[in-house]
Amino acid sequence: VFYKNRHPVGELTGFGGELYPAVIFTNENYSVTIHTNAKERLQVPPFMSEKLNPKIALDHYDFTASNTSEDGFPTVRVLGKYRVGTFFFEITVNRLGPGGYMCFGLGSLNIGENNDYIPSEKFSS
């Protein structure tokens with residue numbers, strides 16, 4: 001179940017394999033921070049710094065990701081994967097300019113290579 005401001009806004013069911021929390025950026029200077037669960041601090045990994053899209057900058061021990069360009073739709077994912085069970089992660093939007101959009105979700109191992117408005121199926125299977 002996905003929540004926005006503590007209210008449910010969507011649910012994913014029927015998927016399998018390994019999934020990674022990810023963010024797709026559009027406009028320059030958009031920024032988000034992924035937070036750990038207060039009860040289980042080690043359960044939420046930082047954003048992946050290896051193979052990082054050059055249009056993404058990481059900060060705060062790789063828990064904050066910012067878009068540094070208006071070209072394309074750079075994507076960043078976390079290091080850790082989720083397979084089965086219930087997992088918690090929280091994303092805070094630090095900076096959001098007018099227009100455009102930002103997409104949060106779950107993707108496959110190579111979702112960080114995405115640079116399209118809507119990721120192709122190879123990034124979500």
Side-chain angles (χ1 to χ4, degrees):
V1 177
F2 287 91
Y3 290 85
K4 177 181 178 183
N5 299 328
R6 299 185 180 166
H7 299 287
V9 294
E11 182 175 347
L12 289 176
T13 60
F15 54 84
E18 299 171 341
L19 297 172
Y20 298 80
V23 179
I24 299 173
F25 291 98
T26 56
N27 291 13
E28 185 176 11
N29 295 322
Y30 282 17
S31 176
V32 299
T33 299
I34 190 164
H35 299 278
T36 59
N37 182 343
K39 293 180 181 178
E40 300 174 28
R41 291 202 174 270
L42 300 178
Q43 293 298 314
V44 177
F47 289 111
M48 183 180 77
S49 60
E50 297 82 25
K51 300 181 183 177
L52 183 67
N53 187 310
K55 299 172 186 172
I56 302 285
L58 298 180
D59 199 7
H60 300 104
Y61 302 99
D62 298 341
F63 282 92
T64 297
S66 302
N67 187 11
T68 62
S69 172
E70 290 207 20
D71 296 331
F73 303 92
T75 303
V76 63
R77 73 162 176 88
V78 300
L79 281 169
K81 58 190 167 223
Y82 300 114
R83 291 187 180 144
V84 293
T86 302
F87 299 93
F88 171 88
F89 63 93
E90 179 179 332
I91 295 179
T92 299
V93 176
N94 302 316
R95 286 190 311 269
L96 186 64
Y101 80 102
M102 188 183 306
C103 179
F104 308 99
L106 300 170
S108 65
L109 173 67
N110 59 353
I111 186 68
E113 298 170 14
N114 175 63
N115 202 32
D116 295 323
Y117 176 70
I118 298 177
S120 66
E121 193 166 310
K122 70 180 179 178
F123 296 125
S124 59
S125 57

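Smallest separation of non-hydrogen atoms from T68 and P54: OG1-O, 3.9 Å. Taking every heavy atom of both residues into account, A22 and T75 meet most closely at CB-CG2, 4.4 Å. Scanning both residues, S69 and K55, for their nearest heavy atoms gives CB-CG, 3.9 Å. Residue S66 comes nearest to R95 through the heavy atom pair OG-NH2, 3.4 Å, listed as atom of the first residue, atom of the second, then distance.
No single ILVMFWY cluster, assembled from side-chain heavy atoms under 4.5 Å apart, contains both L79 and Y20. Hydrophobic cluster membership differs between L109 and M48, with clusters built from Ile, Leu, Val, Met, Phe, Trp and Tyr side chains linked at under 4.5 angstrom. V93 and F63 fall within a single hydrophobic cluster, where Ile, Leu, Val, Met, Phe, Trp and Tyr are joined by side-chain heavy atoms under 4.5 Å apart, directly or via other members.
Rounded to the nearest 0.5 angstrom, N114 CG and I24 CD1 are separated by 5.0 Å. Taken from CZ in F73 to CZ in F25, the straight-line distance is 13.5 Å, to the nearest 0.5 Å. How far CG of N110 is from CZ of R77: 8.5 Å, rounded to the nearest 0.5 Å. Here CD of E28 is found 5.5 Å from CD of E70. Values are rounded to the nearest 0.5 Å.
Two residues are said to be in side-chain contact when any heavy atoms from C-beta on lie closer than 4.5 Å; P21 and L106 meet this criterion. Residues S31 and N67 are not in side-chain contact: their nearest non-hydrogen atoms beyond the backbone lie 4.5 Å or more apart.
For the side-chain contact (heavy atoms from CB on, under 4.5 Å) with F47, the qualifying choice from I56, L58, T33 is L58, the only one to do so. Residue V76 forms a side-chain contact (heavy atoms from CB on, under 4.5 Å) with just one option from N53, L52, I111, and that option is L52.
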message: F104 vs I34, test: side chain to side chain contact (heavy atoms under 4.5 Å, CB included). Steps then yes/no.
response: CA-CA 11 Å; F104 308 99; I34 190 164; over 6 Å; no
